[in-house]
Amino acid sequence: MNPRRLSRVFDSAGGFILPDANLTAPDVSFVRAARLRQSPRYFGRLVPDLVVEIKSQSARIKPLEKRLRIL
């Protein structure tokens, strides 16, 4: 397999500092490689292109919706 390195995918250990200075760590996030030439050492200062949040059985919808609105 010959990877094309078109994007970077992060798990929940990879956080992002959003333009409003909030820190978020989605369950899974995707950033196009053109926007991020190398993986950040700590937290990236950008909004990911795609965010995936996995709802657990015990999670409540309202707090999850509030968190997603921030993104």
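Every heavy atom of this structure was used, including side-chain atoms; hydrogens, water molecules and symmetry mates were not.
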> Judged by atom type as modelled, is there a donor-acceptor pair below 3.5 Å linking the side chain of R32 to the main-chain atoms of R8?
Replying inline: no
> For F43, which of L23, L18, T24 qualifies under side-chain contact (heavy atoms from CB on, under 4.5 Å)?
Replying inline: L23
> Under 3.5 Å, side chain of D27 to main-chain N/O of S12, donor-acceptor pair present?
Replying inline: no
> Remaining members of V28's ILVMFWY cluster at a side-chain heavy-atom cut-off under 4.5 Å?
Replying inline: V9, F30, L50, V52, I54
> Can you name the closest pair of heavy atoms from P19 and V47 and give their distance?
Replying inline: CD-CG2, 3.5 Å
>> I need the minimum non-hydrogen distance between A59 and K55, along with the two atoms involved.
In response: O-NZ, 3.3 Å
> Where do V51 and F10 land on the side chain to side chain contact (heavy atoms under 4.5 Å, CB included) test, with the steps shown first?
Replying inline: CA-CA 10 Å; V51 168; F10 299 90; over 6 Å; no
> Yes or no on side chain to side chain contact (heavy atoms under 4.5 Å, CB included) for V31 and F16, after CA distance, side-chain angles and deciding distance?
Replying inline: CA-CA 11 Å; V31 179; F16 297 91; 4.0 Å; yes
>> For R35, is the CZ atom crowded, meaning more than 12 foreign heavy atoms sit under 6.0 Å from it?
In response: yes
>> Quick check for you: to the nearest 0.5 Å, what is the distance between L46 atom CG and D49 atom CG?
In response: 8.0 Å
